[in-house]
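Reviewing the structure listed below.
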Amino acid sequence: FTGLALGLVFKSGNFSMIADACLYTGAVVTAALAIKTSLPFAVHPIVIMIAAAAVGGLIGSIPALLKVYFHTNELVTSLMFNYVFYNVTKFLADREAGTFASKKYQATASLGKLISGTNFHVGYLIAIAAVILLYILVYKTKFGYEVRISGSNPEFAKYSGIRTSRVIIMTQVIAGAVAGLGGAVEQMGMYQRFNWQDSPSYAWDGVIIA
């Protein structure tokens with residue numbers, strides 16, 4: 001998921017690493033909703049994934065907005081905000097498990113296993129769907145064309161009437177949503193409680209993938 005998110009950001013000619021905060025905060029939102037809300041099995045994971053993606057998109061917009069309106073370097077601001085969001089959300093866990101861990105997730109907040117006895121869960125299908133949807137977005141839509149042109153030749157993009165500021169913001173909102181979704185999928189597919197003692201820093205793996 002972070003590879004997809006960063007691949008989209010890089011395609012637009014930017015280098016924001018906010019995907020790390022989006023994924024981590026998406027995971028924290030997942031934990032909160034998985035513990036505090038009670039919904040039917042088929043509905044609970046969907047609601048959680050939408051919420052995590054929405055929060056991820058909101059966080060993803062911050063470096064983009066700062067770049068567009070204040071001409072800040074998105075790499076610097078995104079790296080700084082990664083630490084901010086990590087430390088702000090870290091205190092949400094309790095210590096009932098004897099370690100840095102949250103209360104247990106409700107049984108309905110889980111992604112089913114595709115193969116019994118393994119960690120091969122439904123999240124892999126969601127990841128494949130995300131790949132297909134982002135491919136369609138980047139290569140088969142007008143917005144995707146604007147992203148690619150803005151990334152390869154921003155001056156030509158401006159000359160041809162493309163609103164590059166809108167492209168920068170929307171690209172990083174979508175990328176943040178994808179990373180936030182990744183946090184939700186990771187938590188519901190792999191864990192029964194939130195137990196990340198440190199940020200997993202999956203965004204750096206995402207750089208390599210992208």
Assess the residue pair Leu4 and Val131 against the criterion (side chain to side chain contact (heavy atoms under 4.5 Å, CB included)); give the C-alpha distance rounded to whole Å, side-chain angles, the decisive distance to 0.1 Å, and a yes or no.
CA-CA 7 Å; Leu4 288 172; Val131 171; 3.8 Å; yes

Answer with yes or no whether the hydrophobic clustering places Tyr135 together with Phe143; edges join I, L, V, M, F, W, Y residues whose side-chain heavy atoms lie under 4.5 Å apart.
yes

Are Leu79 and Ile62 connected into the same hydrophobic cluster when the rule is that any two of I, L, V, M, F, W, Y join if their side-chain heavy atoms are below 4.5 Å apart?
no

Test your reading of the model: is there a side-chain donor-acceptor pair from His121 to the backbone of Ser110, 3.5 Å cut-off?
no

Looking at Lys104 and Arg193, what are the two nearest heavy atoms and their distance?
N-NH1, 3.8 Å

Near Lys11 NZ, under 6.0 Å, is it more than 12 heavy atoms from other residues, nucleotides or ligands?
no

With rounding to the nearest 0.5 Å, note down the distance linking CZ in Arg163 to CD1 in Ile168.
12.0 Å

Connected to Leu58, directly or through other members, by ILVMFWY side-chain contacts below 4.5 Å are none

Does any part of the side chain of Phe81, heavy atoms only, come nearer than 4.5 Å to the side chain of Ile59, both counted from C-beta?
no

Verify, without hydrogens or angle tests, whether Ser160 (side chain) and Ala157 (backbone) share a donor-acceptor contact under 3.5 angstrom.
yes

Minimum heavy-atom separation for Pro63 and Thr77, please, with both atom names.
CB-OG1, 3.6 Å

If I take atom CG from residue Leu111 and atom CG from residue Leu125, how far apart are they, to the nearest 0.5 angstrom?
10.0 Å

Does any part of the side chain of Ile174, heavy atoms only, come nearer than 4.5 Å to the side chain of Leu8, both counted from C-beta?
yes

So, does Asn73 use its side chain to make a donor-acceptor pair with the main chain of Leu75 at under 3.5 Å?
yes

Charged N-O contact under 4.0 Å between Glu146 and Arg166
yes

Does the Ser78 side chain pair with the main chain of Met17, one donor and one acceptor, at a distance under 3.5 Å?
yes

Which pair of heavy atoms, one from Ala19 and one from Ala5, lies closest together, and at what distance?
CB-CB, 4.4 Å

Gap separating the CD1 atom of Ile18 from the CD atom of Gln172, nearest 0.5 angstrom
8.5 Å

Side chains of Pro200 and Asp205: does their closest heavy-atom pair fall under 4.5 Å?
no

Here the gap from Phe10 atom CZ to Thr171 atom OG1, rounded to the nearest 0.5 Å, amounts to 13.0 Å

Atom OH of Tyr83: over 12 foreign heavy atoms under 6.0 Å:
no

Donor-acceptor contact present, side-chain Glu186 to main-chain Ala27, <3.5 Å
no

Nearest 0.5 angstrom please: Asn87 CG to Tyr24 OH, how far?
8.5 Å

Hydrophobic cluster membership, with links at side-chain heavy-atom distances under 4.5 Å among I/L/V/M/F/W/Y: are Leu23 and Ile209 in one?
no

Between Tyr105 and Tyr191, is a ring-ring contact (aromatic ring centres under 6.0 Å, His included) present by the stated rule, with each step listed?
CA-CA 8 Å; Tyr105 298 161; Tyr191 306 112; 8.3 Å; no

Please answer whether the main-chain N or O of Val138 pairs with a side-chain N or O of Arg148 as donor and acceptor at a distance below 3.5 Å.
yes

Determine whether Leu6 and Leu181 fall in the same hydrophobic cluster, where Ile, Leu, Val, Met, Phe, Trp and Tyr are linked whenever their side-chain heavy atoms lie under 4.5 Å apart.
no

Check for a donor-acceptor pair, side chain of Gln106 on one end and backbone N or O of Ile35 on the other, with a separation under 3.5 Å.
yes

Is it true that Leu66 and Val76 fall in one hydrophobic cluster, defined by side-chain heavy atoms closer than 4.5 Å?
no

Verify the distance criterion only: is there a donor paired with an acceptor across the side chains of Ser12 and Asn14 at less than 3.5 Å?
yes

Just verifying a value: how many Å separate Phe85 CZ and Asp20 CG, rounded to the nearest 0.5 Å?
12.5 Å

What one should report as the nearest heavy-atom pair of Val9 and Ser16 is CG1-N, 3.7 Å

Taking Thr141 for the side chain and Gly144 for the main chain, is one N or O donor matched with an acceptor at less than 3.5 Å?
yes

Trp196 vs Phe194, test: ring-ring contact (aromatic ring centres under 6.0 Å, His included). Steps then yes/no.
CA-CA 6 Å; Trp196 284 350; Phe194 189 88; 5.8 Å; yes

Quick check on Met80: does its CE atom have over 12 non-hydrogen neighbours (other residues, nucleotides or ligands) under 6.0 Å away?
no

Check Lys113 against Gly189 and note the closest heavy-atom contact, atom names and distance.
NZ-O, 2.9 Å

Is there side-chain contact between Thr108 and Leu39, with at least one heavy-atom pair below 4.5 Å?
no

Say whether, by atom type as modelled, one donor and one acceptor occur between the side chain of Asn82 and the main chain of Ala21 under 3.5 angstrom.
yes

Kindly give the heavy-atom pair with the smallest separation between Leu33 and Ala51, and that separation in Å.
CD1-CB, 3.5 Å

Ignoring hydrogens and geometry, is there a side-chain-to-backbone donor-acceptor pair from Ser150 to Val147 under 3.5 Å?
no

